[in-house]
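Structure, as structure tokens:
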Amino acid sequence: VGGIFHIMAHSLMKGSLFLIAGGIRHHTGIWNINDFQGLGRRMPWTIGAFTIAAMGMIGIPPTAGFFSKWYLLLGSIEGDQWVFVAVILISSLLNAVYFFRIIEKAFSPPAESTASVNKTGELPKRMLAPILILAIGTLIVGALNVLVVNELIMPVVEGL
């Protein structure tokens with residue numbers, strides 16, 4: 001059950017992150033994280049969605065990523081698999097380190113050299129819509145995790 005929820009949660013979060021990365025690259029030409037300075041002010045919806053997806057990847061409540069990791073931790077503890085517990089916790093720590101660095105860059109004032117950031121605005125609506133749907137889905141699946149597990153996943157697992 002935890003594994004299925006994990007796949008669902010990570011599909012939402014990683015899908016959002018990949019669309020954001022592609023959207024930023026396409027819209028601004030930026031590919032270097034050091035050039036993200038000021039993006040939070042110029043692209044608030046995009047960077048807001050990035051922040052939600054990143055929080056999910058780290059495992060911060062109430063995102064689906066938190067509950068995904070929670071279910072995996074409970075299963076690992078129940079199965080006496082302490083190596084998996086350590087791997088999950090270390091992955092959360094590593095995610096926190098690199099995602100918080102990107103968020104910090106995006107919300108810091110733009111440098112003089114980042115002219116492309118200073119000229120850009122938010123992503124076009126047709127690019128932003130799926131990003132926001134996935135980011136909001138990360139929050140909704142997190143908030144409704146018990147319902148998702150009990151009403152969607154468990155009947156399928158029991159049917160197998």
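Computed from a predicted structure; not experimentally measured.
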Residue pairs meeting salt bridge (charged side-chain N to carboxylate O under 4.0 Å, His left out), one or both in residues 75-102, sequence neighbours left out, come to Arg101-Glu104

Note: Ala49 and Leu132 closest approach over all heavy atoms is CB-CD2, 4.1 Å

Next item on the list: Look at atom OH of Tyr98 and say whether more than 12 heavy atoms of other residues, nucleotides or ligands are closer to it than 6.0 Å.
Entry: yes

Requested in this report: For Ser16 and Leu12, indicate whether the former's side chain and the latter's backbone hold a donor-acceptor pair under 3.5 Å.
Outcome: no

| message | Is there a path of hydrophobic side-chain contacts, each under 4.5 Å between heavy atoms, that joins Met8 and Leu72? | response | no

Between Leu123 and Gly23 the two heavy atoms that sit nearest each other are CD2-O, 3.3 Å

Output for pair (Ser91 OG, Leu89 CG), nearest 0.5 Å, gives 8.0 Å

ask   = Taking a hydrophobic cluster as the set of Ile, Leu, Val, Met, Phe, Trp and Tyr residues connected by side-chain heavy atoms closer than 4.5 Å, whether directly or through intermediates, do Ile4 and Ile88 fall within one such cluster?
value = no

With sequence neighbours left out, the residues meeting side chain to side chain contact (heavy atoms under 4.5 Å, CB included) with His10 are His6, Met13, Lys14, Met57, Ser68

Check: Out of curiosity, does Ile102 fall in the hydrophobic cluster containing Ile58 (side-chain heavy atoms, cut-off under 4.5 Å, transitive links)?
Finding: yes

**Message:** With clusters defined by side-chain heavy atoms of hydrophobic residues (ILVMFWY) lying less than 4.5 Å apart, directly or transitively, does Ile52 cluster with Trp45?
**Reply:** no

Sequence neighbours excluded, the answer for salt bridge (charged side-chain N to carboxylate O under 4.0 Å, His left out) partners of Glu122 is none

Closest non-hydrogen atoms of Phe84 and Ser76, given as atom of the first, atom of the second and distance, are CB-OG, 3.5 Å

Interatomic distance, CD@Gln81 vs CG@Leu73, rounded to 0.5 Å, equals 13.0 Å

*Could you tell me whether a side-chain N or O of Asn145 sits under 3.5 Å from a main-chain N or O of Val141, the two making a donor and an acceptor?*
no

NZ (Lys69) and CG (Leu74) are apart, to the nearest 0.5 Å, by 14.0 Å

Tell me whether Asn150 contacts the main-chain N or O of Leu147 through its side chain, where contact means a donor paired with an acceptor under 3.5 Å. no

With Thr46 as partner, the option from Leu19, Leu39, Thr51, Leu128 fulfilling side chain to side chain contact (heavy atoms under 4.5 Å, CB included) is Leu128

Taken to the nearest 0.5 Å, the spacing of Phe67 CZ from Leu144 CG works out to 10.0 Å

| query | Applying the 4.5 Å side-chain criterion to the ILVMFWY set and letting contacts propagate, would Val85 and Trp70 be lumped into a single cluster? | reply | no

message: Would Ile131 and Phe50 count as a side-chain contact (heavy atoms from CB on, under 4.5 Å) here? Give the steps.
response: CA-CA 9 Å; Ile131 291 169; Phe50 176 86; over 6 Å; no

Contacts of Phe66 meeting ring pair (Phe, Tyr, Trp, His ring centres under 6.0 Å) (sequence neighbours excluded), chain-then-number -> none

In terms of heavy-atom contacts, does CD1 of Ile33 have more than 12 from other residues, nucleotides or ligands at under 6.0 Å? no

Value for CE (Met55) from CZ (Phe99), rounded to nearest 0.5 Å, stands at 10.5 Å

The salt bridge (charged side-chain N to carboxylate O under 4.0 Å, His left out) partners of Arg41 (sequence neighbours excluded) come to none

### Main-chain N/O of Gly142 paired with Thr63 side-chain donor or acceptor, under 3.5 Å
no

Sorted by chain and residue number, the side chain to side chain contact (heavy atoms under 4.5 Å, CB included) partners of Arg25 (sequence neighbours excluded) come out as Trp31

When rounded to the nearest 0.5 Å, the distance separating CG of Leu17 from CG of Leu134 is 9.5 Å

Closest heavy-atom pair, Lys105 versus Ser108, reported as atoms and distance to 0.1 Å, is O-OG, 2.8 Å

